[in-house]
Number of protein chains: 2
Amino acid sequence: MATDDLMTRALDALGDDAPLSVEAIHSLTDAAHVPEPMTIAEVADLLDISPHTLRYYERAGLVEVARDGYGHRVYDAAAVRRLVFLTRMRLSGMPMRDLQHYVALVDAGTETVPERLDMLLEHRDTIRRRIRELTLSLAATEYKIATYGGSTGPDVQDL
Amino acid sequence: MATDDLMTRALDALGDDAPLSVEAIHSLTDAAHVPEPMTIAEVADLLDISPHTLRYYERAGLVEVARDGYGHRVYDAAAVRRLVFLTRMRLSGMPMRDLQHYVALVDAGTETVPERLDMLLEHRDTIRRRIRELTLSLAATEYKIATYGGSTGPDVQDL
DNA sequence: GTTTGCGTTCGAGCGCGCTCGAAGCCCTAG
DNA sequence: CTAGGGCTTCGAGCGCGCTCGAACGCAAAC
């Protein structure tokens, strides 16, 4: 299971303060300890999204899900793995359209690997830019907090 | 000018790789070297948003802007400062509604400082959570890139 | 046997944050 | 004198990503 490696690296990257949120760990442990075929409710629970959203993703062509005798969705390991990946990409801001393109590439076979790789590299850069931007905003916010909370002098600005 | 401090701290926080983007520096240098009263086009340029958006913000009650003899908007230093702050908060994900509340507090006077501080503290935590989440997604993306680009072995997965 | 509960499909609706178009005013350049 | 450009207001429209409601099916519990 590559999961442990991933988690380790993620933890390393995060560093120190504040323990990793339960949901975050959850969303990385791609179905190692969970029942093999899952119901929509179980998957929704695992991914912390609504069954509505899962159906929406399926309608959008992001994943195919089999049905049981009653017409109920049955998520196998592959579907769950794909959804774990998709939700992580969504969480990091990749648009639906790009994900649709990506899964189309996946379904098109291994000769699309280079293009998939390109997409991932670009997304990696997007995430990095976003983190830098947020870090900047964080500094600005902390500065403002300092002017409000750290001093009662004449330096308190009007905003 | 507190700007230098802020920028220094931001840069420290960012650390090392990749130079700070020009826009980022721009949006931190709250109007020190720019013309005193500015036109909408100048402010739009400074903040890297559209005049449409600036009018929208004004309609939303985020900022009051004077008019000149022709009815054209005239942004004074205070308005520009506020807009710099607002766009930074927007960029870091604070909803319009919260910003509307915040500026209402500002306009209500200094007795609302504690509540403003609360908002900023909460937003700071939101940003931090978001950064952690993105860091996690970044690790996941890099892991995936490694499986695609780093090996040609049998470990390449189907997604 | 009826109620409760979880699932299904389908299409419509919504919240957010812009984004745009129309119609008009004013100034300047050619 | 006219054309162009940049501004104004106002209301409508849009793209995204869900989110929901209606009408229905099946099954286990009471």
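Computed over heavy atoms, backbone and side chain alike; hydrogens, waters and symmetry mates excluded. Just so it is clear: chains get the letters A, B, ... in the order the sequence lines come, proteins before strands, and each one is counted from 1.
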Specify the separation, in whole Å, of atom [atom1] of [X] and atom [atom2] of [N].
X: L47(A); N: dC18(D); atom1: CG; atom2: C1'; result: 15 Å
X: E42(A); N: dC6(C); atom1: CD; atom2: P; result: 12 Å
X: H52(B); N: dG11(D); atom1: NE2; atom2: P; result: 16 Å
X: D68(B); N: dC25(C); atom1: CG; atom2: P; result: 17 Å
X: L91(B); N: dG17(C); atom1: CG; atom2: C1'; result: 13 Å
X: M94(B); N: dG17(C); atom1: CE; atom2: P; result: 12 Å
X: L54(B); N: dC20(C); atom1: CG; atom2: P; result: 14 Å
X: Y56(B); N: dC14(D); atom1: OH; atom2: P; result: 17 Å

Name the residue closer to the 5' end of DNA chain D, choosing between R59(A) and R67(B) according to the nucleotide with the nearest heavy atom.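 Its nearest nucleotide being more 5', the pick is R67(B).
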Which nucleotide wins on minimum distance to the side chain of R90(B), given the candidates dG17(D), dG7(C), dG17(C)?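 Closest nucleotide to the R90(B) side chain: dG17(C).
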[N] OP1/OP2 closer than 4.0 Å to side-chain N/O of [X]:
X: R73(B); N: dC7(D); result: no
X: R55(B); N: dG17(C); result: no
X: Y70(A); N: dG25(D); result: no
X: R97(A); N: dG15(D); result: no
X: Y57(A); N: dC18(D); result: yes

Sub-3.5 Å donor-acceptor pair from the side chain of R128(A) to the main-chain atoms of L138(B), do we have one?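 No; zero donor-acceptor contacts below 3.5 Å.
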Hey, does the side chain of Q100(A) reach the backbone of G61(A) with a donor-acceptor pair shorter than 3.5 angstrom?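 Absent.
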At 4.0 Å (heavy atoms only), tell me whether A60(B) reaches a base, stays on the sugar-phosphate, or touches nothing.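 Counting heavy atoms under 4.0 Å across all strands, no contact is made by A60(B).
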Report which part of the nucleic acid P51(B) touches: base, sugar-phosphate, or nothing (heavy-atom distance under 4.0 Å, all strands).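 P51(B): no heavy atom of the nucleic acid under 4.0 Å.
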Taking atom types as modelled, is there a side-chain donor on R129(B) or T126(B) under 3.5 Å from an acceptor on the other?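 Looking only at side-chain atoms, T126(B) and R129(B) do form a donor-acceptor pair, the distance falling under 3.5 Å.
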Going by atom types alone, do T39(B) and H72(B) pair a side-chain donor with an acceptor below 3.5 Å?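 Note: T39(B) and H72(B) side chains miss the donor-acceptor criterion.
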Could you say whether I40(A) or T53(B) is positioned toward the 5' end of DNA chain C, judged by the nucleotide with the nearest heavy atom to each?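 Upstream on the strand: I40(A).
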Using 4.0 Å as the upper bound for N to carboxylate O, is an ion pair formed by R130(B) and E133(B)?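 R130(B) and E133(B): salt-bridged.
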